[in-house]
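What follows is a short report on a single structure.
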Amino acid sequence: MSYHIVVCGSIVPDPLQTLEPVAGPGGPALKNEMMLPAVLDPWAAHALFEAANLAKNVPGSKVWLVSVGPKAKLQQVMMHVAQKVPFELVVMDGPAGGFVEAADTAAALAKAVEGITGLDKGKLLLFGGWSSASRGTGATLQILGELLGVTEQFQGVDELRPADDGSFEVKERIEGGGYLRSRCAGAPAVLGWATGNLPEPPNNPQVGMQNMRLIMPALQKAQPAAVGAAGVAYKAVELPGTRRQTRIVKDTPVDDIAREIVEWIKG
């Protein structure tokens, strides 16, 4: 049995940038947000790479990437992402950040998914990030699944093993570093990915050229998405405090580094 895999994901500011919350006319925002370089949300990227790998190994399967975000920024990001794996892009033009309500985003994504030509909901696997680098509520994918009537949901997924009869086994993260293994009878299902097991694929210019033939028209006909945070009042906004304590030491022997790490773990 083949799968129709819809991956939901948008852009976030490059994590190497310094982010500073500010009060904008429409509520909280990031300082110079439109000027910050953007990347595909790392959680969604994991989901996309896993989707492409699944489609490659299950003949007849197809991958769509559905995104709500400012299309000008999406175009910049897609120039890089398109070279990684084959997919068809579906775009809704709207804000994508940490101050957009998950319910609004899920409703816009549901509208986009419903509009995909040729999508067979009986084969639907709805992929996305278990969390997000923009806000991390972990709610958007769950709400989207409910809106689409998909109630078989798995979160914190690190592995999916399909069987010949259309069923699949899912490995989900649970507390204490353990995993929960479940078997699902088949699609449709929602899978919120953690990091998965796959590395980032290398750039493939041929795949990039094939993808861009569909990406550019999709961006040009992107419909506005009514997403935001209407009716929500933020009392305060601040970035998480830094917990990392970094010490830079040159020319330290490997044995000394390992010994210090072991002592730190034991301590």
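In what follows, every heavy atom counts, from backbone to side chain, and hydrogens, waters and symmetry copies are set aside.
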- [ ] Find out if a path of hydrophobic residues (ILVMFWY) with successive side-chain heavy-atom gaps under 4.5 Å connects L148 to L119.
- [x] yes
TODO: Verify, without hydrogens or angle tests, whether E146 (side chain) and Q142 (backbone) share a donor-acceptor contact under 3.5 angstrom.
DONE: no
Open item on the list: Working to the nearest 0.5 angstrom, can you tell me the gap between M35 CE and L30 CG?
Closed with: 14.0 Å
Task: Heavy-atom side-chain contact between L48 and V81 under 4.5 Å - done: yes
Task: Check: Y3 and F168 side chains under 4.5 Å, non-hydrogen atoms - done: yes
Task: Heavy-atom pair with the smallest gap, counting every atom of Q153 and V150 - done: NE2-O, 3.2 Å
Open item on the list: How close do V85 and A52 get, counting heavy atoms only, and between which atoms?
Closed with: CB-CB, 3.4 Å
Task: With F99 via ring-ring contact (aromatic ring centres under 6.0 Å, His included) - residues at least two apart - done: Y234
Open item on the list: Could you report the tightest heavy-atom contact between F87 and L65, atom names first, then the distance?
Closed with: CD1-CB, 3.7 Å
Open item on the list: Would you say that K171 contacts R161 through its side chain, given a criterion of any heavy-atom pair below 4.5 Å between the two side chains?
Closed with: no
Open item on the list: Is it the case that the side chain of H4 and the backbone of D120 share a donor-acceptor pair, with hydrogens and angles ignored and the cut-off at 3.5 Å?
Closed with: yes
- [ ] Could you tell me whether N57 atom CG has more than 12 heavy atoms of other residues or ligands within 6.0 Å of it?
- [x] yes
- [ ] Identify the two heavy atoms, one from P70 and one from A96, that lie closest to each other, and give their separation to 0.1 Å.
- [x] CD-N, 4.1 Å
- [ ] Start with the C-alpha gap between C8 and T140, add the side-chain angles, then the distance that decides, and say whether side-chain contact (heavy atoms from CB on, under 4.5 Å) holds.
- [x] CA-CA 9 Å; C8 300; T140 303; over 6 Å; no
Task: Donor-acceptor pair, side chain of E172 and main chain of Q155, under 3.5 angstrom - done: yes
TODO: Report yes if the side chains of L109 and V68 come closer than 4.5 Å at any heavy-atom pair, otherwise no.
DONE: yes
Open item on the list: Determine whether V157 and W130 satisfy the following criterion, side-chain contact (heavy atoms from CB on, under 4.5 Å), listing intermediate values before the conclusion.
Closed with: CA-CA 8 Å; V157 177; W130 176 31; over 6 Å; no
Open item on the list: Which residues end up grouped with I143 if you chain together Ile, Leu, Val, Met, Phe, Trp and Tyr wherever their side-chain heavy atoms are less than 4.5 Å apart?
Closed with: L147
Open item on the list: Any non-hydrogen side-chain atom of K123 less than 4.5 Å from a side-chain atom of S2?
Closed with: yes
Open item on the list: Apply the hydrophobic cluster definition, ILVMFWY joined by side-chain contacts under 4.5 Å directly or through others, and give me every member besides V22.
Closed with: none
Task: ILVMFWY cluster, L144 and I116 together (side-chain gap under 4.5 Å) - done: yes
Task: Worked verdict on E50 versus L160 for side-chain contact (heavy atoms from CB on, under 4.5 Å) - done: CA-CA 9 Å; E50 293 285 349; L160 183 152; over 6 Å; no
Open item on the list: A side-chain contact here means heavy atoms from C-beta on lying under 4.5 Å apart; do V262 and K266 qualify?
Closed with: yes
TODO: Kindly say whether L36 contributes a backbone atom to a donor-acceptor pair with the side chain of K73 at under 3.5 angstrom?
DONE: yes
TODO: Decide whether V6 and F154 are clustered together by the hydrophobic rule: side chain heavy atoms of Ile, Leu, Val, Met, Phe, Trp, Tyr closer than 4.5 Å, transitively.
DONE: no
Open item on the list: Between N204 and V207 (side chain of the first, backbone of the second, donor and acceptor by atom type, cut-off under 3.5 Å), is there such a pair?
Closed with: yes
Task: Sub-4.5 Å side-chain heavy-atom contact between S61 and L54 - done: no
Task: Shared hydrophobic cluster for W43 and V66 (ILVMFWY, side-chain gaps under 4.5 Å) - done: no
Task: Donor-acceptor under 3.5 Å (D158 side chain, G196 main chain) - done: yes
Task: CG on D255 to CZ on R259, rounded to 0.5 Å - done: 6.0 Å
TODO: For residues I215 and A82, report the shortest heavy-atom separation together with the two atoms involved.
DONE: CD1-CB, 3.7 Å
TODO: Answer with yes or no whether the hydrophobic clustering places M212 together with L40; edges join I, L, V, M, F, W, Y residues whose side-chain heavy atoms lie under 4.5 Å apart.
DONE: yes
TODO: Kindly compute the distance separating CD (Q76) from CD1 (I11), expressed to the nearest 0.5 Å.
DONE: 8.0 Å
Open item on the list: If we ignore hydrogens and angles and just use 3.5 Å, is the side chain of D41 paired with the main-chain N or O of A133 as donor and acceptor?
Closed with: yes
Task: CD-CD distance between E159 and E169, expressed to the nearest 0.5 angstrom - done: 7.5 Å
Task: Contacts of type side-chain hydrogen bond (donor to acceptor under 3.5 Å, both in side chains), residue E114, not counting sequence neighbours - done: K121
- [ ] Look only at the side chain of D93 and the backbone of A222, and say whether a donor-acceptor pair between them is shorter than 3.5 Å.
- [x] no
Open item on the list: Other members of the hydrophobic cluster containing Y179, with the 4.5 Å side-chain heavy-atom rule, please.
Closed with: none
Task: Closest heavy-atom pair and its distance - P224, M92 - done: O-CE, 4.1 Å
- [ ] Could you tell me whether the side chain of S182 and the main chain of V170 form a donor-acceptor pair under 3.5 Å?
- [x] no
Open item on the list: Working to the nearest 0.5 angstrom, can you tell me the gap between L124 CG and W64 CH2?
Closed with: 9.0 Å
- [ ] Please confirm whether the backbone N or O of G9 pairs with a side-chain atom of S67, one donor and one acceptor, at under 3.5 Å?
- [x] yes
Open item on the list: Under 4.5 Å side-chain heavy-atom separation, chaining through any Ile, Leu, Val, Met, Phe, Trp or Tyr, what else clusters with L180? Say none if it is isolated.
Closed with: I174
Open item on the list: If you apply the rule side-chain contact (heavy atoms from CB on, under 4.5 Å), what do you find for N203 with K84, and how did you get there?
Closed with: CA-CA 5 Å; N203 288 343; K84 298 297 183 182; 2.8 Å; yes
